[in-house]
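Note sheet for the following structure.
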Amino acid sequence: MANRIARAGGALVLVSALALSACSSGASTDGGTDAAGACAPSDGPVTLNFTTWLPGMEDAVAIWNEKNPDIQVEVQTGPNGNGGTYKNFFNQIEAGNAPDLGQIEYDALPNFRVQDGVVNIADCAGVMDAQDQFIDWTWSQVTFGEEDAVYAVPQDTGPEALFYRADLFEQAGIAIPTTWDEYAEAAKAIRAEGGYITNFSQSDINAFAGLVWQADGQWFENDGEAWNVTLDSPESTKVAEYWQGLLDDDLVATLPPWTDEWNNGYNSGEVWSWVSAVWGANTITSGAPDTAGNWAVAPMPQWEAGGSAAGNWGGSSTAVLNGSEHPYEAAQFALWLNTDPEALSSMNKTANIYPATKTGGDLPAFSEGLDFYGGQNIYDVFAEAGSQVNPDFTWGPTMTQTYTDVADGFSAAISGSGTLMDALKSGQQKTIDAMKAAAIAVNE
Amino acid sequence: MGAPTTSAAKRTSAAKPASATKRVRGPRESLFSRAGAMLVMAICTFYFLVPIWWLFVAATKDRSDFTSSAPLWFADFNLIENIAALANYRDGLFFQWMLNSVLYAGAGAAIATLFATMTGYALAKYAFRGRETIFNIILGGVLVPATALALPLFLVFSQVGATNTFWSVFLPSLVSPFGVYLARIYASSSVPDELVEAARIDGSGEVRTFFTVSTRLMMPAMVTIFLFQFVTIWNNFFLPLIMLRDEELFPVTLGLYIWNSQVSQIPEIRALVIIGALLSIIPLIIAFLGLQRFWRSGLGTGAIK
């Protein structure tokens with residue numbers, strides 16, 4: 001299985017060059033639907049295609065199809081975005097047979113925007129009015145701060161908090177850290193007990209970005225003319241130096257994330273805490289079943305005592321893809337899917353989606369205490385965190401490549417050659433090179 | 001040291017039965033080189049079997065044992081429960097995928113074998129203008145990796161509006177340049193021209209000769225081509241990834257890959273991916289064990305000629 005996936009990965013890399021060249025030429029062709037005034041309802045019944053990788057999306061769509069006989073939606077499935085679906089979208093846009101709607105994560109959306117892959121649906125009825133329903137920072141993720149522009153409807157978010165083993169902290173008499181300084185102190189105390197406070201992931205660069213996000217850092221800025229790349233900004237460097245310090249002192253585990261080893265680290269009590277997003281709750285429940293009832297959730301440690309800033313890890317949107325003949329109907333469906341309580345409940349049930357709407361945290365599923373977390377209603381913490389995420393964080397247009405480059409550097413740092421700061425610096429340079437190669441304007 | 005002598009004798013007699021009277025003695029191998037060879041083979045066997053062993057063991061565990069127990073040995077035996085869970089998940093979608101894979105790979109390989117055998121036979125047995133050019137072009141096709149063709153194929157199928165259909169994956173797997181190459185080599189060495197001549201004199205048409213006489217002689221090569229093509233289509237991942245969006249059409253490789261990519265959404269799926277991966281290799285094992293006899297004799301025949 002792993003072998004097969006590795007081979008597939010190789011294949012992806014192989015053709016990525018092809019795909020890239022295909023995309024860049026795609027951007028210059030017909031340009032697709034102009035948003036201005038073009039968003040009018042179609043005559044007669046319409047069938048929309050919607051490609052997603054959320055398991056069980058059919059259930060939510062069935063509710064819509066029941067209520068809207070004239071706008072039927074068909075669900076199509078792909079692997080997760082970076083696993084092939086984004087490449088497919090670009091190929092399909094180039095070939096002129098893209099689905100009407102596609103799921104796109106926030107960090108990939110700028111890439112689609114830059115390559116004209118998504119339709120501006122701001123003129124479609126109801127879209128601009130929906131702004132107030134969504135958590136502020138998610139709205140700026142889909143508008144890029146442009147006037148009269150909306151490139152997708154926010155779907156879910158991943159506000160971050162601190163998952164920790166309440167029983168172990170209590171037995172060892174260690175206070176739950178509220179600042180990063182206290183976290184480092186606790187790390188030493190836990191190391192003395194034979195455990196690790198957490199695991200530092202060498203490959204989840206978007207998790208690291210979430211920490212930079214919390215520290216008020218920026219990796220990308222677009223001044224309307226060109227991009228600034230600031231992977232090595234002071235805030236970013238501060239976060240990297242902090243974790244490099246923990247790594248140097250052997251205070252954090254370095255298990256490869258999302259593996260059995262990693263699950264076992266948590267299941268066996270070797271690793272005590274994890275700063276992760278709301279969906280991480282399910283990861284722990286599933287990966288560390290023997291520790292049921294012993295976990296709890298607290299707000300993320302802060303850089304300044306008494307602060308209240310949260311990071312975010314993950315989240316996606318529903319976009320209307322370039323070439324859709326029915327942007328109006330597609331926009332209506334996207335709005336419904338991501339605001340209707342029934343739809344949100346369905347997606348939460350089948351795929352553990354945490355909605356991007358301000359009232360999303362009010363869903364029945366989020367109002368109960370969870371036995372796995374000692375009866376705590378952990379979603380209160382995440383709802384609070386969602387409102388504390390800095391709204392002005394921008395993703396770059398070449399995130400897949402940036403992730404790969406920085407992850408290479410992080411792996412090297414963990415195996416002892418170089419540091420996290422080196423990885424950010426080289427990631428910075430490679431990102432600038434990649435953007436230039438893709439003819440994207442960039443300031444140096 | 002009796003054993004090496006007898007086995008050396010056996011080997012010579014097996015390879016050259018005609019000259020049994022004048023026995024040629026192979027060089028005596030030293031214990032050292034024999035042990036070395038065995039060691040290398042043992043390491044290779046170990047290397048290839050451990051992942052399958054791991055897969056089998058992992059597929060028998062429940063979720064809690066999976067993370068906590070030793071990876072290469074059994075905990076509670078839950079194989080049946082796991083298969084039942086797989087069958088229940090999304091109305092047994094997995095078995096639809098298995099069926100699709102069997103159809104893509106089985107029917108695809110059968111037709112590809114027929115095409116390749118016919119082409120190879122024609123290239124070997126008929127002299128016509130441009131024969132070598134055609135053969136060289138086909139031979140060039142062997143060098144082009146299938147993944148490099150996937151994207152152009154996608155654009156072609158998009159033009160005719162046939163992406164996301166059964167045919168978009170099935171049709172491209174009907175061609176096997178390597179099969180043509182193999183069939184030509186084999187036909188020229190194992191189908192005597194005299195036999196074809198004799199059939200013609202007896203009044204048999206070319207098509208009838210091919211199906212009644214030549215295919216019998218070429219059977220070992222055909223089995224080999226079938227097996228190669230079956231495995232190639234079964235493992236083909238990239239073409240379905242690009243072409244298909246409707247999960248009812250997925251082959252099992254793509255389906256499992258997509259499930260595996262959903263693990264971050266629903267970690268429980270991981271167990272299903274593992275049990276699915278175990279089940280997905282069974283048809284390959286059956287194909288190999290069932291056809292191995294023909295395949296071996298085929299390669300052997302080729303080697304002697």
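Note that the structure is a prediction, hence the values are computed from the model and not measured. Sequence lines set the chain letters: A, B, ... in the order given, protein chains first and strands last, and positions in each chain run from 1. No hydrogens, no waters, no symmetry mates; every other heavy atom, side chains included, goes into these values.
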May I ask you to name which of A:S286, A:G96, A:A95 has the most heavy-atom pairs under 4.5 Å with chain B?
A:S286
Per-residue contact mode, A:N264 against chain B (heavy atom under 4.5 angstrom):
both
Distance from A:T77 atom OG1 to B:D246 atom CG, nearest 0.5 Å?
7.5 Å
Has B:N136 got more than 12 heavy atoms of other residues, nucleotides or ligands less than 6.0 Å from its CG?
yes
With distance as the sole test, does B:Q262 use its side chain to make a donor-acceptor pair with the main-chain N or O of A:W53 at under 3.5 Å?
yes
Structural part of B:F250 lying under 4.5 Å from a heavy atom of chain A
side chain
Spacing of CG belonging to B:L155 relative to CG belonging to A:N97, to within rounding of 0.5 Å:
9.0 Å
Taken to the nearest 0.5 Å, the spacing of A:N352 CG from B:E268 CD works out to 7.0 Å
State the NZ-CG distance between A:K87 and B:L241, to the nearest 0.5 angstrom.
10.0 Å
With heavy-atom distances below 4.5 Å as the criterion, would you say the side chains of B:R245 and A:Q92 are in contact?
yes
Heavy-atom closest pair, residues A:G83 and B:Y257
O-OH, 2.6 Å
Highest number of heavy-atom pairs under 4.5 Å with chain B among A:G78, A:G56, A:G314 belongs to A:G78
By a 4.5 Å heavy-atom criterion (distance strictly below it), what part of A:D290 contacts chain B: side chain, backbone, both, or neither?
side chain
Side-chain heavy-atom pair B:W259, A:P79 within 4.5 angstrom cut-off
no
Pick one of side chain, backbone, both or neither for A:E74, based on which atoms fall under 4.5 Å of a heavy atom in chain B.
neither
Assert top hit (heavy-atom pairs under 4.5 Å, partner chain A, pool B:E248, B:Q159, B:R270) equals B:R270
Just wondering, are more than 12 heavy atoms of other shown residues or ligands nearer than 6.0 Å to OH in A:Y403?
yes
Rounded at 0.5 Å granularity, tell me how far CG in B:L151 sits from CG in A:N91.
4.5 Å
Is B:W53 atom CH2 crowded by more than 12 heavy atoms from other residues, nucleotides or ligands, each under 6.0 Å away?
yes
Side chain from CB out, backbone as N, CA, C, O: work out which of these in A:P289 comes under 4.5 Å of a heavy atom of chain B, or both, or neither.
side chain
Do the side chain of B:S261 and the main chain of A:N80 share a donor and acceptor less than 3.5 angstrom apart?
yes
Sort A:T285 into side chain, backbone, both or neither according to what part of it lies under 4.5 angstrom from a heavy atom of chain B.
backbone
Here the gap from A:D260 atom CG to B:W54 atom CH2, rounded to the nearest 0.5 Å, amounts to 5.5 Å
